[in-house]
Amino acid sequence: AARLAAFDNHEQIWLGQDDERGLTAIVAIHNTALGPALGGTRVWPHATFDAALTDALRLSRGMTFKSAIARMPFGGGKAVIKADSKTEKTPAMLEAYAEMLAALNGQYYTGEDVGLTLDDANFLRERTPNVSGTTVGGSGNPSPVTALGTFLGVKAALKHARGSDAVSGLRIAVQGLGSVGWSLCEQLHSEGASLIVADIDAARVAKAREAFGAEVVETETIVAAEADLFAPCALGGVLSADTIPHLKARIVAGAANNQLARHEDAAHLMRRGVLYAPDYVINAGGLINVAAELAPEGYDRAEVMRHVALIPETLMDIFQRAEAEQRPTNDIAQAIAEERIAQARAA
Ligand code: NAI
């Protein structure tokens with residue numbers, strides 16, 4: 001029963017296994033009340049199959065809420081390929097995955113995520129149609145749009161918590177210097193923020209030290225950095241009962257999916273006076289971009305930018321409601337998303 005409860009009402013969970021070509025993939029389709037499932041594919045060397053499954057389930061559920069909050073006509077889905085993207089992601093493995101996607105018959109649209117690059121998305125798109133964020137026939141890598149939305153969300157959080165959205169002179173800790181984290185750093189640096197960074201990739205931190213004059217700290221200690229704002233841009237679960245007591249920043253606003261180890265951790269943050277920007281609200285830029293590509297009227301960059309510019313407004317509404325009702329911000333965000341899904345179901 002505990003196992004079934006963990007499936008959290010997912011509509012479908014698909015397993016693709018091809019030992020010869022080195023594929024173990026999970027496609028989780030959480031909810032399609034608002035439209036077909038949409039969400040990227042993560043390639044990550046989870047220690048166990050259960051860990052990969054849990055990741056896929058939590059990520060796909062997050063996509064359902066993300067889409068509902070951003071008012072996109074898509075449902076939540078996500079895939080995890082259990083592999084090390086640096087050593088185990090071969091063309092044969094991606095071939096096998098493309099066949100799995102094709103067999104899903106249009107129920108699931110995918111694209112980039114951690115470990116799956118623009119080149120990989122292009123490779124998949126040549127073999128199966130339901131891949132977005134590609135160079136040919138698509139809008140390209142969604143990460144810069146995610147980073148822009150996150151930057152605007154950081155400013156909204158600063159405005160709410162400090163009365164000014166200026167980043168100049170503030171100390172901002174960024175965890176993860178990948179596609180999104182790096183682009184966020186560029187924007188923060190150009191507006192005068194002092195950056196504190198951490199990444200498991202030594203080359204990336206060295207580059208950040210040089211490009212931004214960033215202070216480099218260990219990956220284990222970045223949560224506890226003396227900062228005004230903490231921006232998680234690596235993997236999930238960074239805010240937990242273990243880490244929250246060490247957090248010095250009064251604001252958490254970053255792009256990583258599933259930043260909270262457990263839903264209740266947001267209440268813990270609230271009790272400590274930390275403003276938390278719900279992850280699936282602030283990081284919706286990438287989804288907005290890839291979903292626009294699939295719109296019947298075709299991709300319109302200006303329309304995408306208008307839509308992304310609404311992210312701070314949405315966050316402000318959530319912050320204000322949370323404060324007025326003395327509830328955690330993620331409870332408010334989830335309630336809004338669930339209401340929209342219920343309305344769609346009723347209609
Ligand atoms: P990426 O793979 O380009 O970058 C992730 C970075 O985090 C890498 O540099 C990696 O070395 C680093 N990292 C991994 N574990 C770490 C740790 N323990 N401590 C510090 N650094 C660590 O991924 P991307 O695309 O930048 O995504 C980052 C996060 O944002 C992910 O959680 C992703 O799901 C989320 N996200 C990304 C979107 C996009 O458009 N790319 C859209 C929405 C969410």
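The shown structure was predicted, so the numbers you read here are calculated from the model rather than taken from an experiment.
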Next item on the list: Specify whether H10 and H30 have parallel, tilted or perpendicular ring planes, treating 30° as the upper limit for parallel and 60° as the lower limit for perpendicular.
Entry: perpendicular
Checklist line | ring pair (Phe, Tyr, Trp, His ring centres under 6.0 Å): pairs with one or both residues in residues 118-164, sequence neighbours excluded | finding: H160-F319
Next item on the list: Indicate whether the side chain of Y280 and that of N258 have a donor and an acceptor atom separated by less than 3.5 Å.
Entry: no
Next item on the list: Measure the CD1-CG distance between I332 and D317 for me, rounded to the nearest 0.5 Å.
Entry: 11.0 Å
Checklist line | Side chain E11, main chain T32, donor-acceptor under 3.5 Å | finding: yes
Margin query: Just by distance, no angles: are the side chains of H307 and N289 close enough, under 3.5 Å, to form a donor-acceptor pair?
Written below: no
Checklist line | Path from V174 to V252 over hydrophobic side-chain contacts below 4.5 Å | finding: no
Note to self: Taking K207 first and then E210, would you say they form a salt bridge - that is, a charged N and a carboxylate O separated by under 4.0 Å?
What the structure shows: no
Check: Which residues pass the salt bridge (Lys or Arg N to Asp or Glu O under 4.0 Å) test with D119, sequence neighbours left out?
Finding: none
Notebook entry, point to check: Going from CD on E99 to CZ on R21, what distance comes out if it is rounded to the nearest 0.5 angstrom?
Noted result: 4.0 Å
Next item on the list: Give a yes or no on whether the backbone of V80 and the side-chain of T41 come within a donor-acceptor separation of less than 3.5 Å.
Entry: no
Checklist line | Test item: side-chain donor near acceptor, T117 and D120, under 3.5 Å | finding: yes
